[in-house]
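Each remark here refers to the structure printed beneath this line.
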Amino acid sequence: MDRLHIVGGNTLRGTVRISGAKNAALPILCASLLARGDSVFRNVPELRDIATTAKLLEHLGLTVELSPGCVAVHTGDSIGDDAPYDLVRQMRASVLVLGPLLARQGRARVSLPGGCAIGARPIDQHLQGLRAMGAEIALEHGYVEARVPGGRLRGAEVHFDMVTVTGTENLMCAATLARGRTTLFNAAREPEVEELARVLNKMGARIEGAGTSMITIEGRAELQPVDHAIIADRIEAGTFMVAAAATGGDVLVDGVTLEHLEAVAIRLRQAGVHVEREAGGIRVAGKPPFVATDVSTAPHPGFPTDMQAQFMALMCLANGRSTVTETIFENRFMHVGELNRMGAQIDVDGRTAIVHGPVRLQGASVMATDLRASASLVIAGLVAEGRTEVLRVYHLDRGYEHIEQKLAGLGADIRRVQGED
Ligand code: EPZ
């Protein structure tokens, strides 16, 4: 498995172009199941999760052509109905085919995604909503066995017990071809949900309210294929913003809109980082030590859980005591142990990590355990004294396109080496 070798101490300067949003591309690619014909998706990042989604769609009978930054999909008259365990276990977002399959053909057999490093991550809300729309769902031998008596879902009022991003996306897709109107209450407001609604409406759906907590969908008889360019990845952008500040740098994070990162910008400014719109991106400049800042993750427009680990790395360089509270996932502090091995002083008390700073981080060999934990270790390595080796870089490759090239382009001393293990 590949590793990243980083020698800390370089200041990041220059411009970095942000790639398309992974968490928008995944539901949008799955939505191509809803319409017969040829769709084209542009600005799609070249990531492991995109390749996995392509394999899943091909398994379901679609033809998928991946070229740099672009995915062409042909959906025929008949499609499969099963998403097998060996694909779903690689990427839990595979559950996003459930809504489209039930909408399109009234049956689906999708492996339960199981838990992952950051938590149990059940899909009960997805299933509850689909049942409300008329699906009969049984859980057998680790699979969701779903069918729609009469073949077509019916519109319903769906109340989510908690905000769920892919739950909202699955139900929104399912409702586009249902009979009648569906209303989603307590829906997720993430920009990626809005982007999916934008694409579905281009396909002929009638969705209103995406980006708010109440979304209405008028079911249609069929949808049309689409040609669409995906929005930029706000979490990749936020990651580079933190890296720029942590190294005392000055970087233009290009191609992303600040409005998708307001909560992150507010906390960075509070910590003493300069953040402002510039041209088609965001200018970020900072110099340690920072102002100790408390943050608590929340559904959008709150502080994103996907930026929690990166922000924690920054607070290691702040004067005094900062608290980082994770309210979304039950086990998303696995980067703490590795940061402490690099000289950080972080205590965990339940869902809150207390970060004492500033500390002088030292390079070390560290292990990544999930996508964003890996990113926080890379940021720590950029500022640590000496050399850091980040193992299991495949976690990073799931969500960051060419991360070492982009960082090296900003002046970081970083390179990928083929791992022995
Ligand atoms: C999406 O995951 C993202 N993934 C995650 O990004 C992100 O961290 C998460 O939303 C929160 O913003 C994609 O969009 C592909 P949830 P998702 O359903 O939809 C509980 C990354 O780093 N819940 O919003 O799986 C759940 O356990 C990834 O790119 C239920 O209990 O997250 C969690 O505690 C990591 N039952 C909370 O809700 C359900 O049916 C929020 O989960 C659904 C969710």
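Here, residue 1 is the first one in the sequence, and each next residue gets the next number. Just follow the structure's listing: the first ligand is 1, and inside any ligand the first atom is 1. Hydrogens, waters and symmetry mates play no part in the numbers below; they use all other heavy atoms, side chains included.
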Q. Just which atoms of ligand 1 are under 4.0 Å from any heavy atom in Val163?
A. 24 (O), 41 (C)
Q) Pro122 near ligand 1, heavy-atom distance under 4.0 Å? A) yes
(Q) Heavy-atom contact check, 4.0 Å cutoff: does Glu236 meet ligand 1? (A) no
Q.
Are any of the N/O atoms on Ile328, whether in the backbone or the side chain, positioned under 3.5 angstrom from an N/O atom of ligand 1?
A. yes
**Q.** Residue pair Ile230 / Ile28, side-chain heavy-atom distance below 4.5 Å
**A.** yes
Q: For Ile123, counting its heavy atoms only, list the atoms of ligand 1 lying under 4.0 Å from any of them.
A: 39 (C), 40 (O)
(Q) Just to be sure I read this right, does ligand 1 sit under 4.0 Å from the backbone of Val165, its side chain, both, or neither, counting only heavy atoms? (A) both
Q | ligand 1 contacted by Ile235 (non-hydrogen, < 4.0 Å) | A | no
Q.
I need the contact type for Thr166 against ligand 1. Using non-hydrogen atoms and a strict under-4.0 Å cut-off, is it side chain, backbone, both or neither?
A. both
Q | Gln128 to ligand 1, any heavy atom closer than 4.0 Å | A | no
(Q) Test of understanding: given a 4.0 Å heavy-atom threshold, classify the contact between Glu192 and ligand 1 as side chain, backbone, both, or neither. (A) neither
Q: Would you name the heavy atoms of Met307 and Thr239 that are closest together and state the gap between them?
A: SD-N, 3.7 Å
Q. Numbering the atoms of ligand 1 from 1, which are under 4.0 Å from a heavy atom of Arg332?
A. 8 (O), 22 (O), 35 (C)
Q. What residue and heavy atom of the protein are closest to atom 25 (O) of ligand 1, and at what distance?
A. Arg121 NH2, 3.0 Å
